[in-house]
Enquirer: 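Okay, handing you the structure first.
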Amino acid sequence: MGVDADWWRGAVIYQIYPRSFQDSTGDGIGDLKGITRRLDHIASLGADAIWISPFFTSPMKDFGYDVSDYCDVDPMFGTLSDFDALVARAQELGLKVMIDLVLSHTSDQHPWFKESRRDRSNPRADWYVWAEPKGDGTPPNNWLSIFGGSAWQWDSRREQYYLHNFLTSQPDLNFHHEPVQEALLDVVRFWLERGVNGFRLDTINFYFADRYLRDNPPLPKELRNDSIAPGVNPYNHQLHLFDKNQPENIEFLRKFRAVLEPYGAAAVGEVGDAQRGLEIMAEYTSGGDKVQMCYPFEMLQPTRLTAALLEETFARMNAVAPDAWPCWAYSNHDTVRHITRWNLPEAAARSYTVLLMCLRGSLCLYQGEELGLPEADIDFEELRDPYGIEFWPEFKGRDGCRTPMTWVTDNSNGGFSEGTPWLPVKAPHLNRAVSAQDADQTSMLNHYRRALAFRRAHEVLRTGTLSGLRAEGDVATFVRGGEETIFCAFNLGAEQAHVGLPEGTWAAIGGELGATAAIGGEVTLGPWGYCLMRKV
Ligand code: NOJ
């Protein structure tokens, strides 16, 4: 059988945060064997692929996003043969496996960095972004770290600063240096040979920093669009012209794509940029020669996805590249779970799920979202995330969305672990465990299953066009076109609304999802109601 090179198009990708999915050893931390044991749950949901957040060797200062060996599994998560077993089981279940590559930086414990920091003349001296201090000893420029403070850390051996966009223990690799690119592409090959089907690329737009290390200009308050830590992070006070988003990245992404091609593998890049995220996503995914998909932060913001925001999002993206391929998500391991973030009543959460299934693009679901989990309430003493510890209490960090998955109700850890979980399991999550929802046809879990089945049953939702997207008050309407034509209307508000159908004859679909049928060319949508009609 040939490779289906287009498997990723419109796919539903289920994100696993390995520390918190399933523990199989009793140490309170999830692991690869645990994931393998729970893959049936993901298959029963109807997902096409999994994305596993980093499980590589790491000192875990940023819980795996600080890698000290790209080609091995951290003992806390298991072994390479556990990984092989995971891939084999996923294949049996028809699930593609995507792993999370953190290429823009390593851990300061990576042998490359240990060598690089030794002196200025070692073979890896140029592998990281090193720079001279200013005459007065201060950092080379005004760049800031997302996790707080300057993006530059002094190293007394080299008597130079090194760049870190995140923690000081996450030094940035120097992508201007060819051997760095080659070494990273070898990592990509290593995992492809091991059978992975693709990658999630951490901070894909951070790979290159400006060659000349120019200062970022300030960003006036009225233009700021804070995403993860609104208001509290001075990182948002700059226009990030020079510390990321550099044009050289395009050529690297082409090289990366060429490595993927023979394997039929696909990648989804994370584009973190409060101003131009959508445009960069469109740029990186257009033309079929860079990455297949990217996710911007438009639907991961504190502000709710309104009809108007949806319209604006698609318009901006199409203005750059109509062939852009986004990967939409409402929740992930970096942001407050969307039910809490957007303060959604149950009916609204269900409506947003169906909306996601109807969008053009691929989709990511974050573990526990299918259970309708709210953000866990974490006390200061329970915090583990360095980002949260830095900005507490204005920003509480990312632990509230990283607490363990709950599988059963009759165990205080939700069946996640026989030991003490690394983050607590809170009561509202126990009540919503898989076992409580599995057989209940009215549960959120079964709503997600039906919603995914609906997308799968209508190929046009995965790969068709999306046109006529309009927002009128709280209502968003659009048409998906391809082998069939589907009209979608979503009332993203708590007031009743009336919608007229486009010309033609339409038949109601999606009754099993709770969609309201139109009668005589019109439909009245209740609060958070939606209507799905197929052209006949
Ligand atoms: C984005 C990841 O999603 C986040 O968890 C991590 O802290 C940063 N990149 C740094 O790698």
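Everything numeric in this text was worked out from a predicted model, so none of it was measured. The figures that follow rest on heavy atoms only: side chains count, while hydrogens, waters and symmetry mates do not.
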Enquirer: Using a distance-only test with no angle check, is there a side-chain donor-acceptor pair under 3.5 angstrom linking D100 and Y65?
Expert: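 Y65 and D100 do have a side-chain donor-acceptor pair below 3.5 Å.
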Enquirer: Under a plain distance cut-off of 3.5 Å, with no hydrogens placed, do Q181 and Y207 share a side-chain donor-acceptor pair?
Expert: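 No donor-acceptor contact under 3.5 Å links the two side chains.
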Enquirer: With a 3.5 Å cut-off and no angle check, do the side chains of H240 and D243 form a donor-acceptor pair?
Expert: yes
Enquirer: Mind telling me whether Y387 and F391 have parallel, tilted or perpendicular rings, with 30° and 60° as the class edges?
Expert: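 Aromatic pair F391/Y387 classed perpendicular.
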Enquirer: Going by distance alone, is a donor N or O of one side chain under 3.5 Å from an acceptor N or O of the other, for Y352 and R304?
Expert: yes
Enquirer: Is R384 paired with D399 through a side-chain N to carboxylate O contact shorter than 4.0 Å?
Expert: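 A salt bridge is absent here (no side-chain N lies under 4.0 Å from a carboxylate O).
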Enquirer: Can you find a side-chain donor-acceptor pair between R449 and S44 that sits under 3.5 Å?
Expert: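 Result is yes, a qualifying pair exists.
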Enquirer: For E193 and Y263, test the side chains for any donor-to-acceptor distance below 3.5 angstrom and give the result as yes or no.
Expert: yes
Enquirer: Under a 3.5 Å threshold, yes or no: a donor from one side chain and an acceptor from the other, between S331 and H338?
Expert: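 Yes, because at least one side-chain N or O of S331 sits under 3.5 Å from a partner of the opposite role on H338.
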Enquirer: Decide whether S417 and D23 meet the rule of one side-chain donor and one side-chain acceptor closer than 3.5 Å.
Expert: yes
Enquirer: Among D82, D40, D84, which residue satisfies the salt bridge (charged side-chain N to carboxylate O under 4.0 Å, His left out) criterion with R89?
Expert: D40
Enquirer: I need the M299 CE to C364 SG distance, nearest 0.5 Å.
Expert: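 The CE atom of M299 sits 12.0 Å away from the SG atom of C364.
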Enquirer: Can you see whether N165 engages D172 through a side-chain donor-acceptor pair at a distance of less than 3.5 angstrom?
Expert: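 There is such a pair (donor and acceptor under 3.5 Å, judged by atom type) between the side chains of N165 and D172.
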Enquirer: Hydrogens and angles aside, do Y162 and S116 bring a side-chain donor and acceptor to less than 3.5 Å of each other?
Expert: no
Enquirer: Applying salt bridge (charged side-chain N to carboxylate O under 4.0 Å, His left out), which residue pairs with at least one partner in residues 403-413 are found, sequence neighbours left out?
Expert: none
Enquirer: Is there a donor-acceptor contact under 3.5 Å linking the side chains of Q170 and D108?
Expert: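 Q170 vs D108: no donor-acceptor pair found between side chains.
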Enquirer: Testing the 3.5 Å rule here: is there a donor-acceptor pair between the side chains of Q15 and S53?
Expert: yes
Enquirer: Going by distance alone, is a donor N or O of one side chain under 3.5 Å from an acceptor N or O of the other, for D119 and N122?
Expert: yes
Enquirer: Out of R462, R9, R455, which residue meets the salt bridge (charged side-chain N to carboxylate O under 4.0 Å, His left out) rule with D48?
Expert: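 Among R462, R9, R455, the one meeting salt bridge (charged side-chain N to carboxylate O under 4.0 Å, His left out) with D48 is R462.
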Enquirer: Under a 4.0 Å threshold between the charged nitrogen and the carboxylate oxygen, would R398 count as salt-bridged to E375?
Expert: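 R398 and E375: not salt-bridged.
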Enquirer: Looking at W422, does the NZ or CZ of R19 lie under 6.0 angstrom from its six-membered ring centre and within 45 degrees of the ring axis?
Expert: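 Geometry flag: set, cation within 6.0 Å and 45°.
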Enquirer: Taking the cut-offs as 6.0 angstrom to the six-membered ring centre and 45 degrees off its axis, would you call K114 and W112 a cation-pi pair?
Expert: no
Enquirer: Does one side chain, of N205 or D273, offer a donor that lies under 3.5 Å from an acceptor on the other?
Expert: no
Enquirer: CG of N343: more than 12 outside heavy atoms within 6.0 angstrom?
Expert: no
Enquirer: Count the heavy atoms of every other residue, nucleotide or ligand shown that sit under 6.0 Å from NZ of K396, and state whether that count exceeds 12.
Expert: no
Enquirer: Side chains of Y284 and N249: do they bring a donor and an acceptor to under 3.5 Å?
Expert: yes
Enquirer: Cut-off 3.5 Å, side chains only: do S58 and D66 have a donor facing an acceptor?
Expert: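 Looking only at side-chain atoms, D66 and S58 do form a donor-acceptor pair, the distance falling under 3.5 Å.
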Enquirer: Are S362 and W325 close enough, and set up right, to give a side chain to side chain donor-acceptor pair (under 3.5 Å), and what steps lead you there?
Expert: CA-CA 7 Å; S362 301; W325 200 267; 2.9 Å; yes
Enquirer: Hey, is E370 close enough to R432 for a salt bridge, meaning N to O under 4.0 Å?
Expert: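 Salt bridge flag = no for R432 with E370.
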Enquirer: Indicate the ring-plane relationship of H333 and Y17, choosing parallel, tilted or perpendicular according to the 30° and 60° boundaries.
Expert: parallel
Enquirer: For the pair R257 and D289, find out whether any cationic side-chain nitrogen is under 4.0 Å from an anionic carboxylate oxygen.
Expert: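 Salt bridge between R257 and D289, a charged N being under 4.0 Å from a carboxylate O: no.
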Enquirer: Do the side-chain N and O atoms of Y330 and R341 include a donor-acceptor pair separated by under 3.5 angstrom?
Expert: no
